[in-house]
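Reading through the structure tokens given below for one structure.
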Amino acid sequence: MSREHVMQGSAIAHPNVALVKYWGKRPARGNLPAMGSLSLTLGFLSTRTTVRFDPAGGQDALTLNGRRNSRDLKRMQDCLAPLRRRAGESGSATAESRNDFPTGAGLASSASGMAAMALAGASALGLTEDPALVGRAAMAGSGSAPRSLHGGFVLLSIDPEGNWSCASLLSPEEWPLKVVVAVTQAGPKQTDSRSGMELTRRTSPFYKAWLASQSADLEDARRAVAQRDFGRLAELSEGNCLRMHAAAMGASPPLVYFNGATVECLHRIKTLAHDNRPVFFTVDAGPQVKAVCLPDVLDEVCDALGQVSGVRQVLSGDLGGGARLITG
Ligand code: PMV
């Protein structure tokens with residue numbers, strides 16, 4: 001490839017929601033999570049990103065949703081670093097990224113953002129033939145981003161030495177669950193997940209117990225997905241979510257990502273489940289609630305959450321595929 005010209009690539013990726021979550025990094029191992037995780041890729045939300053490398057040099061720059069963004073520039077540079085190293089590319093990088101959903105509010109925009117960034121960057125440098133490298137670039141940007149490179153039900157496994165792999169367990173068609181997102185707060189969350197999980201790891205007396213419970217949850221959830229056992233997956237996901245938040249609430253100072261409407265949504269979902277509706281909840285590092293359900297109760301779940309006081313918007317749809325290249 002000629003290094004004389006600007007090199008450009010574009011990609012689209014969907015955010016994902018973890019049912020078995022990661023919350024805590026391995027100390028002194030860069031961005032590597034301390035535990036594996038299992039997620040669903042959300043086909044109805046997306047991030048589109050274009051990356052350009054200019055061999056003539058200049059400053060790296062990131063534009064997010066039409067605005068220059070210096071806060072996330074380091075994350076973009078971390079993500080592109082493995083690709084630049086491999087390609088021996090020393091010029092400048094500019095990226096333009098756009099989300100069609102609220103950014104930085106607990107809807108996993110960092111996962112879709114860094115998956116799209118890694119794939120677009122790899123495309124610009126002619127490196128898409130090496131999926132492991134694209135995965136490492138996504139991981140360097142965000143610990144949940146490698147999952148957004150894949151579609152449907154996704155497992156990220158990490159062994160005790162820190163070797164990791166990420167793959168789809170089932171495609172969206174193989175188990176077509178629906179996801180409903182109740183947006184309870186429009187602005188960005190107060191504590192971003194990277195600092196929140198580090199504070200939890202360093203200060204929460206519950207962190208060790210959380211870490212110790214992860215591998216059993218992950219194995220049980222993997223089995224529940226393979227058997228398409230909705231009831232078991234519901235039980236595991238809700239328990240795992242609340243344990244993550246309990247560990248965070250035990251941090252010093254405490255981290256409370258829920259607001260009043262978040263808690264009210266959880267109760268509404270529990271009431272539906274008690275009335276034999278196949279639905280369960282999960283909440284990431286923000287106040288938004290995600291309900292996972294079977295298709296025949298989707299409308300009922302959307303209506304129930306839309307009626308909760310404090311819910312500003314209800315988004316819903318199908319599981320989606322992995323990140324893919326688009327024409328810029
Ligand atoms: O990878 P990050 O920094 O976006 O952190 C993700 C943390 C959670 O969303 C709360 C859990 C997860 O596994 O996605």
Side-chain angles (χ1 to χ4, degrees), residues 13-26 29-42 45 47 64 71-72 74-76 78-79 97 99 101-118 135-150 153-158 164 166 179 181 188-201 204 207 210-211 213-215 217-218 221-222 236-249 251 255-258 262 281-290 292:
H14 304 297
N16 66 75
V17 56
L19 302 184
V20 177
K21 300 181 188 300
Y22 103 84
W23 190 250
K25 311 248 193 229
R26 238 163 251 237
R29 288 296 298 267
N31 207 30
L32 194 68
M35 63 211 70
S37 52
L38 188 148
S39 62
L40 305 176
T41 303
L42 307 182
L45 308 174
T47 302
L64 183 59
R71 204 198 59 179
D72 294 315
K74 163 90 172 54
R75 193 188 270 272
M76 160 189 146
D78 288 348
C79 174
S97 190
N99 295 325
F101 59 94
T103 300
L107 290 178
S109 56
S110 66
S112 52
M114 291 301 118
M117 183 77 69
R136 282 203 299 283
M139 174 67 92
S142 162
S144 56
R147 300 189 313 236
S148 277
L149 292 171
H150 304 274
F153 297 75
V154 180
L155 179 67
L156 197 160
S157 326
I158 306 186
W164 64 272
C166 189
V179 179
V181 180
K189 60 195 168 201
Q190 281 177 344
T191 309
D192 67 87
S193 29
R194 198 171 281 200
S195 22
M197 64 178 80
E198 180 56 10
L199 184 72
T200 306
R201 187 187 67 78
S204 175
Y207 182 75
W210 153 252
L211 190 59
S213 68
Q214 275 307 93
S215 55
D217 273 7
L218 203 57
R222 194 195 58 72
L236 283 162
S237 302
E238 291 185 349
N240 186 270
C241 163
L242 293 178
R243 278 199 302 283
M244 181 202 108
H245 284 277
M249 286 180 201
L255 283 167
V256 183
Y257 285 105
F258 297 172
T262 312
F281 67 76
T282 188
V283 185
D284 283 324
Q288 330 299 6
V289 176
K290 288 95 176 186
V292 180

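One-based numbering, in listed order, for ligands and for the atoms of each.
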request  = Take F153 and N16, measure what side chain to side chain contact (heavy atoms under 4.5 Å, CB included) needs, and give me the verdict at the end.
outcome  = CA-CA 9 Å; F153 297 75; N16 66 75; over 6 Å; no

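- Considering only non-hydrogen atoms, atom 14 (O) of ligand 1 lies nearest to R147 out of K25, K21, R147.
- Atom OG of S144 is separated from atom CG of L156 by 9.5 Å, given to the nearest 0.5 angstrom.
- If you look at A18 next to ligand 1, the close heavy atoms, those under 4.0 Å, all belong to the side chain.
- Of all atoms in ligand 1, listed by their number and element, those nearer than 4.0 Å to a heavy atom of A285 are 10 (C).
- For ligand 1, the atoms sitting less than 4.0 Å from at least one non-hydrogen atom of S110 are 4 (O), numbered in the order shown with element in parentheses.
- Of the inter-residue distances, the one linking K21 atom NZ with D217 atom CG reads 11.5 Å to the nearest 0.5 angstrom.
- With no hydrogens or angles considered, a side-chain donor-acceptor pair links N99 and T47 at under 3.5 Å.
- Contact annotation: A111 has no heavy atom less than 4.0 Å from any atom of ligand 1.
- The CE atom of M117 sits 10.5 Å away from the OG atom of S112 when rounded to the nearest 0.5 Å.
- The shortest N or O to N or O distance between R194 and ligand 1 is not below 3.5 Å.
- Listed by number with element, the atoms of ligand 1 under 4.0 angstrom from any heavy atom of G143 are 1 (O).
- In this structure, L19 CG and K290 NZ are separated by 10.5 Å, a value rounded to the nearest 0.5 Å.
- Every atom of ligand 1 is numbered from 1 in the order shown, and the set under 4.0 Å from a heavy atom of M244 is 10 (C).
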